[in-house]
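Following: one structure in structure tokens, then a few remarks.
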Amino acid sequence: QVQLVESGGDLVQPGGSLRLSCAASGLTLDYYAIGWFRQAPGKEREGVACLNSNDGTYTWGDTFYAESVKGRFIVPRQNARNTVFLKMISMMPADTPIYYCAASGTYGSTCNAIDWSYGMDYWGKGTPVTVSS
């Protein structure tokens, strides 16, 4: 049984930083596309970052970021075993909602070019982030 568990959500001041974790059990993250998403109450879910699976020739496949977080959010290329992180800096109140990680169930998968959530078969329950002074 595949499980994804997010952690690290917290209250942070504008301009601050935070690191979220997504720990997986039941599958080896290296071989599946992984996504970070966020959703605020009453708003649509937004893709934050998406990572192609690792084909074995390098540490991580291609990583894609939403325009709203480029230069501020990064998924480190060296992650703990079966855990993927989302490092956030220069945070803004718009970064506030609940953050989810998701994983594809297809071996060797890549991020969908149009909608990163497409093909994500497993979802965590989320971790809340609040950016406020």
Side-chain angles (χ1 to χ4, degrees):
Q1 183 179 0
V2 176
Q3 280 192 321
L4 302 175
V5 180
E6 305 93 337
S7 61
D10 204 347
L11 171 65
V12 61
Q13 293 188 342
S17 61
L18 204 60
R19 188 183 77 166
L20 305 182
S21 302
C22 174
S25 59
L27 83 170
T28 302
L29 289 178
D30 287 0
Y31 305 121
Y32 302 89
I34 305 295
W36 280 100
F37 300 83
R38 65 186 183 186
Q39 187 170 21
K43 293 190 176 181
E44 290 189 359
R45 182 173 58 203
E46 175 189 17
V48 175
C50 192
L51 296 75
N52 287 339
S53 59
N54 172 13
D55 68 358
T57 63
Y58 44 89
T59 305
W60 282 102
D62 291 337
T63 308
F64 307 96
Y65 297 95
E67 286 297 325
S68 58
V69 305
K70 273 184 181 178
R72 301 188 300 115
F73 289 15
I74 188 169
V75 179
R77 295 187 71 81
Q78 296 292 338
N79 287 278
R81 181 160 181 82
N82 243 22
T83 300
V84 63
F85 301 102
L86 178 66
K87 184 176 180 180
M88 306 181 287
I89 64 172
S90 302
M91 297 186 71
M92 305 183 295
D95 299 323
T96 280
I98 298 175
Y99 284 73
Y100 302 88
C101 67
S104 168
T106 302
Y107 184 89
S109 46
T110 58
C111 301
N112 185 273
I114 298 175
D115 184 346
W116 294 339
S117 66
Y118 185 79
M120 295 294 173
D121 299 304
Y122 306 105
W123 293 80
K125 294 183 179 180
T127 185
V129 171
T130 302
V131 183
S132 175
S133 55

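Since the structure is predicted, the reported quantities are computational estimates derived from the model, not experimental observations.
- Side-chain contact between Arg19 and Pro76: absent, with no pair of heavy atoms (C-beta onward) separated by less than 4.5 Å.
- Once rounded to the nearest 0.5 Å, the distance linking CG of Asn52 with CD1 of Ile34 reads 10.5 Å.
- Nearest heavy-atom pair, Gln39 versus Arg45, reported as atom, atom and distance to 0.1 Å: NE2-N, 3.7 Å.
- Smallest separation of non-hydrogen atoms from Asp115 and Asn112: N-OD1, 2.9 Å.
- Using a distance-only test at 3.5 Å, with no hydrogens or angles considered, a donor-acceptor pair links the side chain of Ser104 to the main chain of Thr106.
- Within the 3.5 Å criterion, the main-chain N or O of Leu29 finds a donor-acceptor partner in the side chain of Asn82.
- Taking the six-membered ring where the residue is Trp, Trp123 and Tyr100 present perpendicular rings, their angle passing 60° and hence far from 30°.
- Atom CZ of Phe73 sits about 12.5 Å away from atom NZ of Lys87, to the nearest 0.5 Å.
- Residues Met88 and Asp95 fail the side-chain proximity criterion, which asks for heavy atoms closer than 4.5 Å.
- Using a 4.5 Å heavy-atom cutoff, the side chains of Glu6 and Leu86 are not in contact.
- Of the possible donor and acceptor atoms, one in the side chain of Ser109 sits under 3.5 Å from a partner among the backbone N and O of Ala33.
- With rounding to the nearest 0.5 Å, the separation of SG in Cys101 from NZ in Lys125 is 12.5 Å.
- Minimum interatomic distance between Phe37 and Gly47 (heavy atoms only, all atoms of both residues): CD2-CA, 3.5 Å.
- Tracing side-chain contacts under 4.5 Å through hydrophobic residues (I, L, V, M, F, W, Y), one reaches Ile74 starting from Val12; they form part of the same cluster.
- Inter-residue side-chain proximity for Leu20 and Trp36 is flagged as met; some heavy-atom pair is nearer than 4.5 Å.
- In this structure the side chain of Pro97 never reaches within 4.5 angstrom of the side chain of Lys43, judged on heavy atoms.
- Criterion: ILVMFWY side-chain heavy atoms under 4.5 Å apart, direct or through other members. Under it, Val75 and Leu27 are part of a common hydrophobic cluster.
- Here OH of Tyr99 is found 15.0 Å from OG of Ser7. Values are rounded to the nearest 0.5 Å.
- The two residues Met91 and Val131 make their nearest non-hydrogen contact at CE-CG2, 3.7 Å.
- Annotation: side chain of Leu11 is in contact with side chain of Ser132 (closest heavy-atom distance under 4.5 Å).
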query = Step by step, would you call Val69 with Arg38 a side chain to side chain contact (heavy atoms under 4.5 Å, CB included)?
reply = CA-CA 12 Å; Val69 305; Arg38 65 186 183 186; 4.0 Å; yes
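- Residues Val2 and Val84 are members of one and the same hydrophobic cluster, defined by side-chain heavy-atom contacts under 4.5 angstrom among Ile, Leu, Val, Met, Phe, Trp and Tyr.
- In this structure, Trp116 and Val48 have side chains that are not in contact, with every pair of non-hydrogen atoms separated by 4.5 Å or more.
- The shortest non-hydrogen separation linking Leu4 to Ala24 is CD2-CB, 3.6 Å.
- In terms of heavy atoms, Ser53 sits closest to Gly108 at OG-C, 3.1 Å.
- Note on Ile98 and Val5: separate hydrophobic clusters, where clusters join Ile, Leu, Val, Met, Phe, Trp and Tyr whose side-chain heavy atoms are under 4.5 Å apart, directly or indirectly.
- The line from OG1 of Thr110 to CG of Leu51 is 12.0 Å long, rounded to the nearest 0.5 Å.
- Two residues are said to be in side-chain contact when any heavy atoms from C-beta on lie closer than 4.5 Å; Tyr32 and Tyr107 meet this criterion.
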